[in-house]
Amino acid sequence: MKKRVLFLCVGNSARSQLAEALLRHQAQEQFDVFSAGTQPEPIDERTLALLQKNNLNTSELRSKSVSEFSGQSFHFVISLCEKSTQECQSFPLADKIIAWDYPDPKIESGIRGFEQTFRELNERIKMFVLVQSKDIND
């Protein structure tokens, strides 16, 4: 059975979209992956450009409200910013809530902040997959 993962952020326009695409790319056979925002806004074009540049599928990405997942259960809810961590502290149907706080790459002009966030998320998600794979196999 696949584990369900929900990445949360405020806007669901950058960090959570990057994380959703990365985890889906790295381990879609192990995880059903979703992302949402507490105050969703359109996906930043730099997010999509960076994912496409790195040959990650963006066809299923869209900005969603956390309320869309109301009543659904998740093995992991991973918040990617301090504000979403505070707003979703008691996500009712999460086995584990994890906080990975990343600065908002949208505050900088250009793509540099997005590239840094992408690299850091990529490494952290690789470790997450490795740890979860060991848990599954033990």
Side-chain angles (χ1 to χ4, degrees):
M1 183 177 98
K2 289 184 178 183
K3 290 188 177 183
R4 290 174 48 91
V5 177
L6 176 64
F7 289 104
L8 287 180
C9 218
V10 174
N12 192 220
S13 63
R15 293 165 282 196
S16 52
Q17 296 288 344
L18 292 170
E20 178 182 353
L22 281 163
L23 182 55
R24 189 173 286 143
H25 177 76
Q26 291 180 25
Q28 69 183 22
E29 68 286 343
Q30 286 178 254
F31 299 98
D32 286 325
V33 187
F34 309 91
S35 68
T38 57
Q39 299 168 20
E41 51 193 55
I43 299 175
D44 191 292
E45 61 189 46
R46 294 169 289 182
T47 300
L48 297 173
L50 182 60
L51 290 170
Q52 291 164 351
K53 176 183 166 188
N54 285 279
N55 298 315
L56 273 73
N57 185 355
T58 60
S59 64
E60 294 181 34
L61 297 180
R62 65 182 178 83
S63 186
K64 302 163 287 299
S65 171
V66 69
S67 64
E68 190 172 313
F69 297 98
S70 179
Q72 296 184 37
S73 61
F74 293 90
H75 294 92
F76 300 95
V77 173
I78 301 173
S79 66
L80 298 170
C81 65
E82 190 175 326
K83 187 169 184 192
S84 67
T85 300
Q86 293 169 353
E87 291 178 5
C88 298
Q89 201 51 250
S90 58
F91 199 90
L93 300 173
D95 292 344
K96 293 182 183 175
I97 297 176
I98 301 170
W100 295 348
D101 191 17
Y102 286 90
D104 188 351
K106 296 185 303 178
I107 58 172
E108 285 184 37
S109 62
I111 193 128
R112 203 174 103 224
F114 285 82
E115 290 171 337
Q116 180 174 342
T117 301
F118 178 87
R119 283 190 305 273
E120 291 175 6
L121 277 170
N122 190 38
E123 291 306 311
R124 186 168 276 181
I125 288 170
K126 282 180 188 176
M127 291 302 297
F128 176 80
V129 169
L130 181 64
V131 168
Q132 293 309 309
S133 297
K134 287 185 181 291
D135 284 352
I136 290 168
N137 296 327
D138 288 346

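In what follows, every heavy atom counts, from backbone to side chain, and hydrogens, waters and symmetry copies are set aside.
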Query - Aromatic centroids of F128 and F76 separated by under 6.0 Å - result: yes
Query - Enclosure of K53 NZ (heavy-atom neighbours >12, cutoff 6.0 Å) - result: no
Query raised in the report: Cationic tip of R4 within the cone over F74's six-membered ring, i.e. under 6.0 Å and within 45° of the normal?
Result: yes
Report summary line: Value for CG (D44) from OG (S13), rounded to nearest 0.5 Å, stands at 6.0 Å
Report task. Evaluate side chain to side chain contact (heavy atoms under 4.5 Å, CB included) for Y102 paired with R124, printing each intermediate quantity in order. Result -> CA-CA 11 Å; Y102 286 90; R124 186 168 276 181; 3.5 Å; yes
Report task. Could you grab the distance from atom CD1 of I111 to atom CD of E45, nearest 0.5 Å is fine? Result -> 9.5 Å
Requested in this report: Take E20 and E60, measure what side chain to side chain contact (heavy atoms under 4.5 Å, CB included) needs, and give me the verdict at the end.
Outcome: CA-CA 10 Å; E20 178 182 353; E60 294 181 34; 5.5 Å; no
**Report entry** Spatial distance of atom CG (D101) from atom SG (C81) [nearest 0.5 Å]
**Finding:** 7.0 Å
**Report entry** Whether N54 side chain and L56 backbone form a donor-acceptor pair below 3.5 Å
**Finding:** no
**Report entry** Donor on one side chain, acceptor on other, S133 and Q30, under 3.5 Å
**Finding:** yes
Requested in this report: Could you walk me through whether R119 and Q116 pass the side chain to side chain contact (heavy atoms under 4.5 Å, CB included) test, one step at a time?
Outcome: CA-CA 5 Å; R119 283 190 305 273; Q116 180 174 342; 3.8 Å; yes
Query - Any side-chain donor near an acceptor of the partner, Q132 and K3, under 3.5 Å - result: yes
Query raised in the report: Which heavy atom of P105 sits nearest a heavy atom of A14, and at what distance?
Result: CG-CB, 4.0 Å
**Report entry** Closest non-hydrogen atom pair between Q17 and T47, with its separation
**Finding:** CB-CG2, 3.9 Å
**Report entry** Rounded distance (nearest 0.5 Å) linking atom CG of L6 with atom OG of S73
**Finding:** 11.0 Å
Query raised in the report: Is any side-chain heavy atom of N57 less than 4.5 Å from a side-chain heavy atom of R24?
Result: no
**Report entry** Side chains of S65 and P40 in contact at under 4.5 Å (non-hydrogen atoms)
**Finding:** yes
Requested in this report: Search all heavy atoms of C9 against all heavy atoms of S16 and return the closest pair with its distance.
Outcome: CB-OG, 3.7 Å
Report task. List the steps, then state whether side-chain hydrogen bond (donor to acceptor under 3.5 Å, both in side chains) holds for E41 with S63. Result -> CA-CA 6 Å; E41 51 193 55; S63 186; over 6 Å; no
Requested in this report: Output the distance between atom CD (E68) and atom CG (N12), rounded to the nearest 0.5 Å.
Outcome: 9.5 Å
Query raised in the report: Does some side-chain heavy atom of V5 sit less than 4.5 Å from a side-chain heavy atom of H75?
Result: no
Query - Beyond-backbone contact of K126 with Q26, side-chain heavy atoms, under 4.5 angstrom - result: yes
Query raised in the report: Looking at side-chain heavy atoms only, is the closest gap between L18 and T117 below 4.5 Å?
Result: yes
Report task. For residues G110 and R46, report the shortest heavy-atom separation together with the two atoms involved. Result -> O-NH1, 3.0 Å
Query raised in the report: Do you know which two heavy atoms are closest between T38 and V66, and how far apart they sit?
Result: CA-CG1, 4.3 Å
Report task. Please determine if K2 and D32 form a salt bridge, counting it only when a charged side-chain N lies under 4.0 Å from a carboxylate O. Result -> yes
Report task. Go through the steps to decide whether F114 and K106 satisfy the test side chain to side chain contact (heavy atoms under 4.5 Å, CB included), and finish with yes or no. Result -> CA-CA 8 Å; F114 285 82; K106 296 185 303 178; 3.6 Å; yes
Report summary line: Rounded to the nearest 0.5 angstrom, the CG-CZ distance for L8 and F69 is 9.0 Å
Query raised in the report: Given I125, which of I78, L22, V33 fulfils the side-chain contact (heavy atoms from CB on, under 4.5 Å) condition?
Result: L22
Query raised in the report: For H25, does the NE2 atom sit with more than 12 other heavy atoms under 6.0 Å from it, leaving out its own atoms?
Result: no
Query raised in the report: Under the 3.5 angstrom rule, does the side chain of K64 hit a backbone N or O of S35 as a donor-acceptor pair?
Result: yes
Report summary line: F118 and L50 have their tightest heavy-atom pair at CB-CD2, 3.5 Å
